[in-house]
K.L.:
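Pasting a structure below so you can have a look.
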Amino acid sequence: MAVSADVEEFEAQRPRLFAMAYRMLGSASEAEDAVQDAYLRWHTADRSAIETPAAWLAKVLTNLCVNRLTSARARREAYVGPWLPEPVLTGGGAGELGPLETAEQRESVSLAVLVLLERLTPAERAVFVLREAFGYAHAEVAEILEVSEAASRKLHSRARARVEEGRPRRRASQERAREVARSIIAAASGAGMEALEGLLAEDIVVVADGGGEVTAARRPVVGRERVRRFLGGLLRMSEEQGYRLWPEPLEVNGESAVLVLRDGEPFGVFAVEAGEQGATALRNMVNPGKIAFFVEQWRSRIADRAR
């Protein structure tokens, strides 16, 4: 009974731990590993010495993530081409990242913000996530990271300034992003590029992450005209080589996205970021290892629909 109760206690915390680890790491697979490592420590810990399981687990997980971020920096510096976070399916009952009911909650897991978090040191990122996404007080953050409250405040201030420095000034428009996603799907279905062209912001950028595993643009494509030509060529090539798009937009990291299929199987994800002037960024994740978690989620959703 004691073991069962311990497992039950941990499982009750698992969703929150995963949501926390994902924001800190930008990787669903690494977040799962960190949560599993936290479970192993929980399983072997002296339970009588743990007053508040949620706080104990948050501390263990955060420090595991800080250690992982330290080693991940070297790997990402050697990464082939642009590095993007791993996409996570949200909406439609997928709650792995916690509630995303407000614009602020969606933005906290957006690919744009997760990319900005790469600018931070591991400690800065941990403090930023704990404060901004989970509402921890500085006294709690200080306890988790074993630093003073003054150090916590300084880390948070520095992290927030660096994130704000790179944050787009134009607030994302969910409806405009869905419109762009639908237009990409329509263009791939033979409707032409005209409707899509009018939805591209002048300074739009396309970033692709193939990680050297799949052929993808090694440099960002910037500007409406260059992106228009890039998308036109991509859609023509896709049609010739048997690729197709899932017929409806999905929600990935709180944003609209387009799923690319090859031979009926998920091949890549195009996430759309948009402002009032149109699409400002398209992020294309095609590295097979980095979309594996998303693919599992998608298959589970399709199976649920079929029941």
K.L.:
So, His156 and Glu124: side-chain donor and acceptor under 3.5 Å apart, yes or no?
P.N.:
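No pair is found: no donor N or O on one side chain lies under 3.5 Å from an acceptor on the other.
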
K.L.:
Are any of the side-chain nitrogens in Arg160 or Glu132 under 4.0 Å away from the carboxylate oxygens of its partner?
P.N.:
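So Arg160 pairs with Glu132 through a salt bridge.
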
K.L.:
Between Gln105 (side chain) and Thr102 (backbone), is there a donor-acceptor pair under 3.5 Å?
P.N.:
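Between the backbone of Thr102 and the side chain of Gln105 there is a qualifying donor-acceptor contact (under 3.5 Å).
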
K.L.:
Do Val269 and Val258 touch side chain to side chain, with heavy atoms closer than 4.5 Å?
P.N.:
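No. Closest side-chain heavy atoms not under 4.5 Å.
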
K.L.:
Would you check if Tyr22 and Pro85 make a side-chain contact, meaning some heavy-atom pair closer than 4.5 Å?
P.N.:
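Answer yes - side chains close enough.
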
K.L.:
Tell me, do Leu114 and Ser110 make a side-chain contact under 4.5 Å, heavy atoms counted?
P.N.:
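Of all side-chain heavy-atom pairs linking Ser110 with Leu114, none is under 4.5 Å.
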
K.L.:
Counting only N and O atoms by type, is there a donor-acceptor contact under 3.5 Å from the side chain of Ser152 to the main-chain atoms of Ser148?
P.N.:
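Not confirmed, Ser152 side chain does not pair with Ser148 backbone.
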
K.L.:
Measure from the ring center of Phe18 to the ring center of Phe293 and say whether it is less than 6.0 Å.
P.N.:
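Between Phe18 and Phe293, the centre distance is under 6.0 Å.
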
K.L.:
Do you know the tightest heavy-atom contact between Gly98 and Ala19?
P.N.:
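Where Gly98 meets Ala19 most closely, the heavy atoms are N-CB, 4.3 Å.
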
K.L.:
Crowded around Glu175 CD? As in, over 12 foreign heavy atoms under 6.0 Å?
P.N.:
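Counting other residues, nucleotides and ligands, CD of Glu175 exceeds 12 neighbours.
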
K.L.:
Is Glu146 salt-bridged to Lys59, cutoff N-O under 4.0 Å?
P.N.:
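A salt bridge links Glu146 with Lys59.
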
K.L.:
If the threshold is 4.0 Å, N to carboxylate O, is there a salt bridge linking Arg299 and Glu296?
P.N.:
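Not counted as a salt bridge, because no side-chain N and carboxylate O are separated by less than 4.0 Å.
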
K.L.:
Nearest 0.5 Å, please: how far is CG in Leu117 from CG in Leu25?
P.N.:
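Answer for the CG-CG pair, Leu25 versus Leu117, is 11.0 Å.
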
K.L.:
Return the CD1 to CG distance between Ile185 and Leu196, rounded to the nearest 0.5 Å.
P.N.:
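Answer rounded to 0.5 Å: 11.0 Å.
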
K.L.:
Does Arg41, at its CZ atom, have more than 12 non-hydrogen atoms belonging to other residues, nucleotides or ligands within less than 6.0 Å?
P.N.:
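Check fails, neighbour count at 12 or below.
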
K.L.:
Can you pull out every salt bridge (charged side-chain N to carboxylate O under 4.0 Å, His left out) where at least one residue sits in residues 85-101? Sequence neighbours excluded, please.
P.N.:
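Passing the test, one end in residues 85-101: no pairs.
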
K.L.:
What pair of heavy atoms forms the shortest contact from Val88 to Ala28, and how long is it?
P.N.:
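Where Val88 meets Ala28 most closely, the heavy atoms are CG2-CB, 4.2 Å.
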
K.L.:
Specify the closest pair of heavy atoms between Gly275 and Thr280, including all atoms of both residues, with the distance to one decimal.
P.N.:
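For Gly275 versus Thr280, the nearest heavy atoms are N-CG2, 4.0 Å.
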
K.L.:
Answer yes when Asp37 and Arg68 have at least one side-chain N-carboxylate O distance shorter than 4.0 Å, and no when they do not.
P.N.:
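Yes, charged N to carboxylate O under 4.0 Å.
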
K.L.:
Starting from the C-alpha separation in whole Å, work towards a yes-or-no answer on side chain to side chain contact (heavy atoms under 4.5 Å, CB included) for Val260 and Leu245.
P.N.:
CA-CA 5 Å; Val260 181; Leu245 303 186; 3.6 Å; yes

K.L.:
Ignoring hydrogens and angles, tell me if any N or O in the side chain of Lys290 forms a donor-acceptor pair with the backbone of Ser27 under 3.5 Å.
P.N.:
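Side chain of Lys290 to backbone of Ser27: no pair is present.
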
K.L.:
Do Tyr39 and Asp6 have side-chain atoms, one donor and one acceptor, less than 3.5 Å apart?
P.N.:
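No, because no side-chain N or O of Tyr39 sits under 3.5 Å from a partner of the opposite role on Asp6.
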
K.L.:
Within the 4.5 Å heavy-atom criterion, are Val286 and Asn284 side-chain neighbours or not?
P.N.:
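Sidechains of Asn284 and Val286: in contact.
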
K.L.:
Clusters formed by hydrophobic residues whose side-chain heavy atoms approach within less than 4.5 Å: which one holds Tyr79, and what are its other members?
P.N.:
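Via sub-4.5 Å side-chain contacts, Tyr79 links to Trp83.
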
K.L.:
Can you find a heavy atom in the side chain of Leu250 that is under 4.5 Å from one in the side chain of Leu259?
P.N.:
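Yes. Closest side-chain heavy atoms under 4.5 Å.
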
K.L.:
Determine whether Val147 and Phe134 fall in the same hydrophobic cluster, where Ile, Leu, Val, Met, Phe, Trp and Tyr are linked whenever their side-chain heavy atoms lie under 4.5 Å apart.
P.N.:
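In one cluster: yes.
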
K.L.:
Treat each ILVMFWY residue as a node, draw an edge where side-chain heavy atoms are under 4.5 Å apart, and state whether Val109 and Ile291 are in one component.
P.N.:
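No, Val109 and Ile291 fall in different hydrophobic clusters.
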
K.L.:
Does a side-chain N-to-carboxylate-O contact under 4.0 Å join Glu11 and Arg14?
P.N.:
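Yes, charged N to carboxylate O under 4.0 Å.
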
K.L.:
Determine whether a donor-acceptor pair (N or O, by modelled atom type, separation under 3.5 Å) exists between the side chain of Asn287 and the backbone of Gly289.
P.N.:
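Flag set: sc Asn287 to bb Gly289 pair under 3.5 Å.
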
K.L.:
Please report the interatomic distance CG(Leu69) to OG1(Thr121), rounded to the nearest 0.5 Å.
P.N.:
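It comes to 9.0 Å.
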
K.L.:
Measure the shortest side-chain to side-chain distance between Arg283 and Phe270 over non-hydrogen atoms and say whether it is less than 4.5 angstrom.
P.N.:
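SC-SC contact between Arg283 and Phe270 ruled out.
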
K.L.:
Would you find a donor on one side and an acceptor on the other, under 3.5 Å apart, between the side chain of Thr44 and the backbone of Leu40?
P.N.:
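Yes, Thr44 side chain to Leu40 backbone: donor-acceptor pair under 3.5 Å.
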
K.L.:
Measure across Arg131 and Ala137 and return the closest heavy-atom pair with its distance rounded to 0.1 Å.
P.N.:
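Heavy atoms only, the tightest pair is NH1-CA, 3.7 Å.
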
K.L.:
Verify, without hydrogens or angle tests, whether Arg47 (side chain) and Ala45 (backbone) share a donor-acceptor contact under 3.5 angstrom.
P.N.:
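Yes, the answer is positive, given that a donor and an acceptor are paired below the 3.5 Å cut-off.
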
K.L.:
Taking Arg224 for the side chain and Asp203 for the main chain, is one N or O donor matched with an acceptor at less than 3.5 Å?
P.N.:
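A pair under 3.5 Å: no.
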
K.L.:
Are any of the side-chain nitrogens in Arg75 or Glu30 under 4.0 Å away from the carboxylate oxygens of its partner?
P.N.:
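Counted as a salt bridge, because a side-chain N and a carboxylate O are separated by less than 4.0 Å.
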
K.L.:
So how far is it from Thr90 OG1 to Leu97 CG, rounded to the nearest 0.5 Å?
P.N.:
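These two atoms lie 6.5 Å from each other.
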
K.L.:
How far apart are the closest heavy atoms of Val207 and Pro82, and which atoms are they?
P.N.:
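Heavy atoms only, the tightest pair is CG1-CB, 3.5 Å.
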
K.L.:
Determine, stepwise, if the pair Met24 / Leu130 fulfils side chain to side chain contact (heavy atoms under 4.5 Å, CB included).
P.N.:
CA-CA 9 Å; Met24 291 188 192; Leu130 291 170; 3.9 Å; yes

K.L.:
Are any of the side-chain heavy atoms of Val272 and Arg176 separated by less than 4.5 Å?
P.N.:
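Not touching, per the 4.5 Å side-chain cut-off.
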
K.L.:
Please walk me through it: do Arg262 and Arg244 pass side chain to side chain contact (heavy atoms under 4.5 Å, CB included)?
P.N.:
CA-CA 7 Å; Arg262 182 175 66 181; Arg244 67 182 181 88; over 6 Å; no

K.L.:
Run the numbers on Phe128 and Leu155 for side chain to side chain contact (heavy atoms under 4.5 Å, CB included), then give the verdict.
P.N.:
CA-CA 8 Å; Phe128 186 86; Leu155 286 165; over 6 Å; no

K.L.:
Which heavy atom in Val221 sits nearest to a heavy atom in Val227, and how many Å separate them?
P.N.:
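For Val221 and Val227, the tightest heavy-atom pair comes out as O-CG2, 3.6 Å.
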
K.L.:
Does Asp33 reach the side chain of Gln36, with side-chain heavy atoms less than 4.5 Å apart?
P.N.:
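No, too far: nothing below the 4.5 Å cut-off.
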
K.L.:
Main chain of Arg23, side chain of Arg125: is a donor-acceptor contact present, judged purely on distance under 3.5 Å?
P.N.:
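Yes: the side chain of Arg125 pairs with the backbone of Arg23.
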
K.L.:
Output yes when a side-chain donor or acceptor of Arg158 lies under 3.5 Å from a complementary backbone atom of Arg153, and no otherwise.
P.N.:
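Such a contact is absent between Arg158 side chain and Arg153 backbone.
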
K.L.:
Can you tell me how far apart CG (Leu145) and CD (Glu143) are? Round to the nearest 0.5 Å.
P.N.:
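Leu145 atom CG to Glu143 atom CD measures 10.0 Å (nearest 0.5 Å).
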
K.L.:
Please check this pair: side chain of Ser183 against backbone of Glu179, looking for a donor-acceptor N/O pair closer than 3.5 Å.
P.N.:
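Checking the backbone N and O of Glu179 against the side chain of Ser183, a donor-acceptor pair under 3.5 Å is found.
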
K.L.:
Atom NZ in Lys154, atom NE2 in His138: separation rounded to 0.5 Å?
P.N.:
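With rounding to 0.5 Å, NZ (Lys154) is 14.0 Å from NE2 (His138).
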
